[in-house]
There are 2 protein chains.
Amino acid sequence: MSVLTDPKKIALHGGKYFLPQLSVDCVILGFHDGELKVLLLKMHHSAHWALPGGFIYKEETVDDAAHRVLEERTGLKNLFLQQFHVFGNPARSSSKATVEYFKKEGIHLDKNSWLAQRFVTVGYYALVDFAKAQPHPDLFSDACEWVSLREAEDLFMDHSDILQKALETVRLQLNYQPIGFNLLPRKFTMPELQRLYETILGKPLDRRNFQRRMLAYGILKKLAEQKKGVAHKAPFLYSFDTQRYRKALAAGLDGGW
Amino acid sequence: MSVLTDPKKIALHGGKYFLPQLSVDCVILGFHDGELKVLLLKMHHSAHWALPGGFIYKEETVDDAAHRVLEERTGLKNLFLQQFHVFGNPARSSSKATVEYFKKEGIHLDKNSWLAQRFVTVGYYALVDFAKAQPHPDLFSDACEWVSLREAEDLFMDHSDILQKALETVRLQLNYQPIGFNLLPRKFTMPELQRLYETILGKPLDRRNFQRRMLAYGILKKLAEQKKGVAHKAPFLYSFDTQRYRKALAAGLDGGW
DNA sequence: GCAAAAGTGTTAAGTCTACACCCATGC
DNA sequence: GCATGGGTGTAGACTTAACACTTTTGC
């Protein structure tokens with residue numbers, strides 16, 4: 001598949017390559033400095049941050065399009081990436097705003113242009129290892145950066161709603177599926193994992209009960225190593241067993257009854 | 001909004017009215033005779049059953065389109081209807097098959113027709129009161145009927161996948177949200193509710209524990225009445241408190257941590 | 001009166017919560 | 001040696017699961 005790399009070509013001729021009026025937007029979450037961060041783009045000529053998004057090639061799977069966006073923005077592939085909601089209100093995009101935006105880019109868009117139409121977007125969320133991601137802006141943005149959730153307000157278009165819905169979904173998911181591990185490096189300590197959970201859930205958890213619960217999932221491997229160069233008692237390192245993890249993800253489906 | 005009622009007009013000129021390459025499909029579930037049933041359409045000129053679906057008007061919300069489909073097929077509105085997945089594989093629809101289908105309808109579709117394109121579909125599921133629904137076929141089907149899940153095999157296109165995914169979602173949802181009530185009439189007995197849960201989950205439940213659990217949700221009202229004209233001991237009737245029910249749906253979001 | 005279905009309560013097992021003590025490290 | 005953070009264990013509260021007896025009704 002030939003990837004379009006010229007903004008002008010995309011704006012004027014994207015209609016030839018992409019599915020019309022459908023896009024994907026990705027809420028890419030990372031964890032750093034005890035905070036949840038979301039990867040956002042600083043759009044050209046705009047004070048707003050936006051979620052990384054993209055269009056779907058005519059012969060491409062919608063999921064593949066989301067994976068492509070994720071890879072283009074972070075360099076990461078084959079990650080935990082999940083669709084969570086479709087945003088299908090015609091008022092979410094504005095033809096006028098789009099035309100104006102491209103005018104500032106020096107591109108004249110006709111109001112009948114493929115880009116000036118209403119877009120329905122499929123929201124995806126990804127949980128990624130902050131340290132491994134290498135943020136790259138796209139063709140319509142000046143910067144691609146991790147923004148802490150507290151500061152991620154007043155986003156472009158309805159992206160704040162999309163972000164909120166993603167967070168809601170992640171918190172819910174956390175209740176019955178051990179998805180949190182995706183946010184940590186390969187080796188991590190139990191306290192690190194706990195910080196992460198506390199951050200996502202927004203409340204403190206009991207150290208000992210937390211540990212028991214995590215180990216009960218049966219997907220952690222305690223390594224012989226301990227964290228080095230750290231003040232106080234050195235915590236053990238854990239990694240997680242991808243094999244078992246996949247099973248747990250699938251089995252997560254039946255809890256409760 | 002003017003609704004299109006002529007199949008030929010839809011086929012040939014639908015492109016003027018609908019969002020391109022995007023559709024909704026509804027998995028409408030009902031409960032009758034101790035069985036889960038799904039509302040399906042018997043397509044013209046086809047041995048396959050299909051899920052009720054439809055297109056989205058250019059100025060219509062995707063959710064509204066799904067509600068419209070639900071209402072058109074069942075006469076019911078304002079029901080529990082939820083999007084659960086986007087099916088976005090380009091191979092899910094076949095241009096050739098579409099052209100052939102319409103040929104049998106006596107309509108010549110160009111392979112460039114809006115209908116002969118790849119479609120991405122948003123899957124919705126609804127849980128409805130079997131007795132209240134009045135099935136109406138659409139313009140492209142001979143019949144609209146409740147089909148028991150056991151018999152709902154080998155559906156049109158990828159509709160079997162969509163149905164499977166819906167069932168998976170419902171079973172999962174049942175774990176943390178009391179959604180089952182939507183399938184029963186306004187007044188129902190505890191044993192009826194239990195049959196329903198057993199059917200959805202595919203396994204027997206303990207009568208006494210089940211009752212406790214349901215009452216613990218705090219959304220049932222025990223009525224003074226008892227079921228009449230029934231063999232053996234008459235069970236009490238219950239109805240559910242829509243007010244509290246909505247709260248419980250919202251609160252369901254935080255279970256676990 | 002008997003079979004079938006429904007109402008209700010109790011006990012034991014298991015899980016979760018809260019909490020305390022000991023250990024290792026850096027200063 | 002003391003402050004800080006991490007490792008581990010346990011008793012009590014609570015929840016869930018298993019189970020039995022009684023009541024009502026139609027035949």
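All heavy atoms count here, side chains included; hydrogens, waters and symmetry mates do not. So that the names make sense, note that chain A is the first sequence line, chain B the second, and so on, each numbered from 1.
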Fill in the blank from the handout: Bend of the helix from dG1(C)-dC27(D) to dC27(C)-dG1(D) from end-axis comparison, five pairs per end, nearest 10°, comes to 0°
Handout entry: Whole angstrom value for the distance that separates P of dA6(C) from CZ of Phe236(B)
Key = 13 Å
Exercise for the section: Starting from P on dT8(D), measure out to CD on Gln194(A) and report it in whole angstrom. Expected result: 14 Å
Exercise for the section: Output every pair passing side chain to side chain donor-acceptor pair (under 3.5 Å) with a member in residues 33-42 of chain B, not counting sequence neighbours, ordered by first then second residue. Expected result: Glu35(B)-Arg150(B)
Exercise for the section: Could you tell me the separation between the CD atom of Gln211(B) and the P atom of dA5(C), rounded to a whole number of Å? Expected result: 17 Å
Practice task
State, without any angle test, whether Gln164(A) and Glu168(A) hold a side-chain donor-acceptor pair at a distance under 3.5 Å.
Solution key: no
All N/O donor-acceptor pairs, side-chain side in residues 127-136 of chain B, below 3.5 Å, sequence neighbours left out:
unit_1	atom_1	unit_2	atom_2	d
Asp129(B)	OD1	Ala131(B)	N	3.0

Completion exercise
salt bridge (charged side-chain N to carboxylate O under 4.0 Å, His left out) filter on Lys187(B), not counting sequence neighbours, yields Glu225(B)
Fill in the blank from the handout: From the candidates dA18(D), dT8(D), dA6(C), the one with an atom nearest any side-chain atom of Pro191(B) is dA6(C)
Practice task
Return the value, rounded to whole Å, for the distance between atom CG of Leu205(B) and atom P of dA18(D).
Solution key: 11 Å
Problem - Closest listed nucleotide, where the reference is the side chain of Arg212(A) and the choices are dA18(C), dA20(D), dG6(D) - result: dA18(C)
Completion exercise
Ranking Arg195(B) and Asp206(B) by the position along DNA chain C of their nearest nucleotide, the one closer to 5' is Arg195(B)
Practice task
For Gln226(B) and Ala234(B), indicate whether the former's side chain and the latter's backbone hold a donor-acceptor pair under 3.5 Å.
Solution key: yes
Practice task
For Arg244(A), enumerate each residue passing the salt bridge (charged side-chain N to carboxylate O under 4.0 Å, His left out) test, keeping only those at least two apart in sequence or located in another chain.
Solution key: Asp241(A)
Handout entry: Donor on one side chain, acceptor on other, Arg92(A) and Asn89(A), under 3.5 Å
Key = no
Practice task
Please state how far atom CZ in Arg207(A) lies from atom P in dG9(D), giving the value in whole angstrom units.
Solution key: 13 Å
Handout entry: Whole angstrom value for the distance that separates C1' of dT10(C) from CG of Asn209(B)
Key = 12 Å
Under 3.5 Å, which protein N or O atoms sit close to an N or O of nucleotides 22-27 of chain C? Give each pair with its distance.
unit_1	atom_1	unit_2	atom_2	d
dT25(C)	O4'	His232(A)	O	3.2

Handout entry: Residue pair Tyr125(A) / Asp25(A), side-chain donor-acceptor N/O under 3.5 Å
Key = no
Exercise for the section: Name the nucleic acid region contacted by Lys222(B), choosing base, sugar-phosphate or nothing; use a 4.0 angstrom heavy-atom cut-off, strictly under. Expected result: sugar-phosphate
Problem - Arg208(B) CZ - dA18(D) C1' separation (whole Å) - result: 8 Å
Problem - Centroid separation Phe210(B) to Tyr197(B) less than 6.0 Å - result: yes
Handout entry: Length of the line joining Lys227(A):NZ and dG7(D):C1', which is rounded to integer Å
Key = 17 Å
Problem - Nearest-neighbour nucleotide for the Arg213(A) side chain, dA6(C), dT17(C), dG7(D) considered - result: dT17(C)
